[in-house]
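All chains are named by letter (A, B, ...) in the order of the sequence lines, taking the proteins before the strands, and each is independently numbered beginning at 1.
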Amino acid sequence: MNAVANYNFAYLDEQTKRMIRRAILKAVAIPGYQVPFSSREMPMPYGWGTGGVQVTASIMGPDDVLKVIDQGADDTTNAVSIRAFFAKVAEVKTTTHTAEATIIQTRHRIPERKLEAGQILVYQVPIPEPLRFLEPRETETRKMHALEEYGLMHVKLYEDIARHGRIATTYAYPVKVEGRYVMDPSPTPKFDNPKMHRSEALQLFGAGREHRIYAVPPHTDVVSLDFEDHPFEIQQFEKPCALCGAEGVYLDEVILDDRGGHMHVCSDTDHCEERREAGLMGVMGTKEAAE
Amino acid sequence: MLSHDFGAGFTEPVRDAQSCFRAVLDALAHPGKAQKLLASGQRLEPLQAQLASIMLTLSDHDTPIWLSPALLEGDVSGFVGFHTGAPIVGDPARANFAFVALGDPWPKLAECNLGTDEYPDRSTTIVAEVPALTGGPKMMLAGPGIAGTQEFTPAGLPEDFSLQWSENRALFPRGVDLLLIADDQVIGLPRSSRIVEG
């Protein structure tokens, strides 16, 4: 503790932690309901994950092991700086390995490896209200949630079908939690929606700018909205990961040159690295890349 | 002459509050499963260490609290005022937390703050000591946080608990949440849990 004696453990003061902890407990008791909380200024701008950071800071203890991912990657700016932040203000152990982490803070992906009981996944959420783009007034959306009035969301999905012949929503795809609240899973690709359903891990969502916290407890039904004749489907990829050869994972496109050359690689960098370390290789993978 | 011996708070306020919070979080995320609850610091009767831990972890000047008769008579108010600053209220419908000492009568669940349809989070959480977390009448729980069903057999619940709880569950998303304490363990019963048997 001596090196950072100027900070309270995990940066936030105890009064703020208590307030956020109370909000988290209500969120767990009412799965999918957005609990208002008094979001604090953090030493990073809104939009950089302040909601997730405040949730993580409030639950974290000295024995926790933290992993932070940004679009699946452990080595991008947002992930590196948040990991460094907690290493400094809480002196916790950090990791890039999903299996080793007790708390995983994420921006817009769920790790490919199945999460286990005891792990907590903390989402950074930009806009927590799934109805916001359909109804801008908070007073109205709150009433709609209270009355379980979600017809508008189905109209939106139907208009997708009328216009594009299919549901064209590919990320932040709305889900219904435990048959009651319609919830925004944060801008994760819809590919990740099935992983939320009856997950063994506790899932907490923090929206700093919008002052909302919500949660999905373990073993909770999370069902993507759809129609009988247009069932929910996840993205399919034609080729496996070019580096590790993984199939059935979410891939990012990487541009290689200015002549149209490109490759598709795992968005989950840890998953990809572990596979390559185990000797698995894709068409463009090299031995050096794995080391 | 005023007494100024209120009893001590946490030995390590930051770490102890975090540890206690995680136990309560795990308890509400896994309804019916007992979680180990840390207690630290010296307490004066009738305030028990585990009940006080949850009080110190969650309540402050923003959270009016209701105290059961033994706690009120036992002058726990000095402890509450000194360590938490929480206002003590006589009506459970105005309280964020209702603390019930071992053997004391509970407030009726329906008389607590049940929240509103638009803000169901503005409800009371009851924190109650019971003689034991097992060995009582057998109930089976289902709902979020539970894979299949979960056995729930605490002793010392109000006689009509099962009925009161089903009425509470019917109000979902409104309703109260419950934390039961015995020895050094806590069990959570969020409003989302259903008693499917017993």
Side-chain angles (χ1 to χ4, degrees), chain A residues 1 8-10 13-15 17-38 57-64 90 102 117-118 120 139 141-148 177-178 180-181 198 200-204 213 215-222, chain B residues 10 12-31 33 38 54 56-63 84-86 96-97 115-123 125 142-150 172-179 188-193:
Chain A
M1 296 296 284
N8 189 26
F9 176 79
D13 60 282
E14 290 303 297
Q15 152 70 16
K17 284 187 197 166
R18 269 195 299 275
M19 176 269 298
I20 293 174
R21 285 168 180 169
R22 289 195 295 262
I24 293 172
L25 295 181
K26 296 290 186 191
V28 168
I30 320 168
Y33 166 74
Q34 302 162 48
V35 183
F37 81 110
S38 172
S58 302
I59 61 176
M60 175 181 281
D63 299 329
D64 277 311
T102 56
I120 302 179
T139 46
T141 52
R142 195 154 277 281
K143 208 170 283 171
M144 289 158 80
H145 282 296
L147 299 173
E148 216 175 336
V177 181
E178 204 62 23
R180 177 57 180 83
Y181 282 101
R198 297 188 186 166
E200 286 182 27
L202 171 63
Q203 303 172 75
L204 303 175
I213 286 172
V216 176
H219 310 292
T220 300
D221 286 348
V222 179
Chain B
F10 282 131
E12 288 247 12
V14 175
R15 289 184 179 209
D16 294 352
Q18 189 275 338
S19 155
C20 179
F21 166 72
R22 279 290 275 273
V24 172
L25 177 64
D26 282 342
L28 285 172
H30 300 92
K33 265 192 194 156
L38 167 139
I54 293 184
L56 291 169
T57 301
L58 295 176
S59 59
D60 53 35
H61 53 80
D62 284 337
T63 60
T84 74
N96 285 62
F97 297 98
T116 64
D117 284 322
E118 294 180 6
Y119 292 95
D121 55 302
R122 295 178 181 175
S123 57
T125 300
I146 300 168
T149 55
Q150 167 72 39
F172 190 86
R174 299 166 66 218
V176 300
D177 306 313
L178 192 57
L179 294 169
L189 195 63
R191 67 194 77 181
S192 57
S193 293

Colleague: Measure distances from Arg180(A) to the heavy atoms of chain B and classify the residue's part below 4.5 Å as side chain, backbone, both or neither.
Modeller: side chain
Colleague: Using a 4.5 Å cut-off on heavy atoms from C-beta on, say whether the side chain of Val35(A) contacts that of Ile24(A).
Modeller: no
Colleague: Under a 4.5 Å cut-off applied to non-hydrogen side-chain atoms, are Leu204(A) and Ile59(A) in contact?
Modeller: yes
Colleague: Looking at His30(B), Glu118(B), Arg122(B), Arg174(B), which has the largest count of heavy-atom pairs under 4.5 Å with chain A?
Modeller: Glu118(B)
Colleague: Asp221(A), Ile30(A), Val177(A), Leu147(A): which one forms the most heavy-atom pairs within less than 4.5 Å of chain B?
Modeller: Ile30(A)
Colleague: Taking the side chain from Lys26(A) and the backbone from Ser123(B), do they hold a donor-acceptor pair closer than 3.5 Å?
Modeller: yes
Colleague: Can you check whether Asp64(A) reaches Ile120(A) side chain to side chain, under 4.5 Å on heavy atoms?
Modeller: no
Colleague: Among Gly115(B), Pro173(B), Ser59(B), Ser192(B), which residue forms the greatest number of heavy-atom pairs with chain A at distances under 4.5 Å?
Modeller: Pro173(B)
Colleague: Checking heavy atoms, do the side chain of Leu56(B), its backbone, both or neither come under 4.5 Å from chain A?
Modeller: backbone
Colleague: With side chains defined as the heavy atoms from C-beta onward, is the minimum distance between Pro36(A) and Tyr119(B) less than 4.5 Å?
Modeller: yes
Colleague: Is it the side chain or the backbone of Met144(A) that comes within 4.5 Å of chain B heavy atoms, both, or neither?
Modeller: neither
Colleague: Could you tell me which of Ser19(B), Gly145(B), Pro190(B) has the largest number of non-hydrogen atom pairs under 4.5 Å with chain A?
Modeller: Gly145(B)
Colleague: Are Asp60(B) and Arg22(A) ion-paired here, with the side-chain N under 4.0 Å from a carboxylate O?
Modeller: yes
Colleague: Which one wins on heavy-atom pair count under 4.5 Å against chain A: Leu25(B), Thr57(B), Val14(B), Thr63(B)?
Modeller: Val14(B)
Colleague: With chain A as the partner, which of Asp121(B), Leu189(B), Asp117(B) has the greatest number of non-hydrogen pairs under 4.5 Å?
Modeller: Asp121(B)
Colleague: Counting only non-hydrogen atoms closer than 4.5 Å, does Leu58(B) touch chain A with its backbone (N, CA, C, O), its side chain (CB onward), both, or neither?
Modeller: both
Colleague: Any side-chain heavy atom of Ser193(B) sitting closer than 4.5 Å to one from Gln150(B)?
Modeller: no
Colleague: For Pro62(A) versus Phe9(A), what's the shortest heavy-atom pair and its separation?
Modeller: N-CZ, 3.6 Å
Colleague: Taking side chain as everything from C-beta outward and backbone as N, CA, C, O, which of these in Leu202(A) sits under 4.5 Å from a heavy atom of chain B? Side chain, backbone, both or neither.
Modeller: side chain
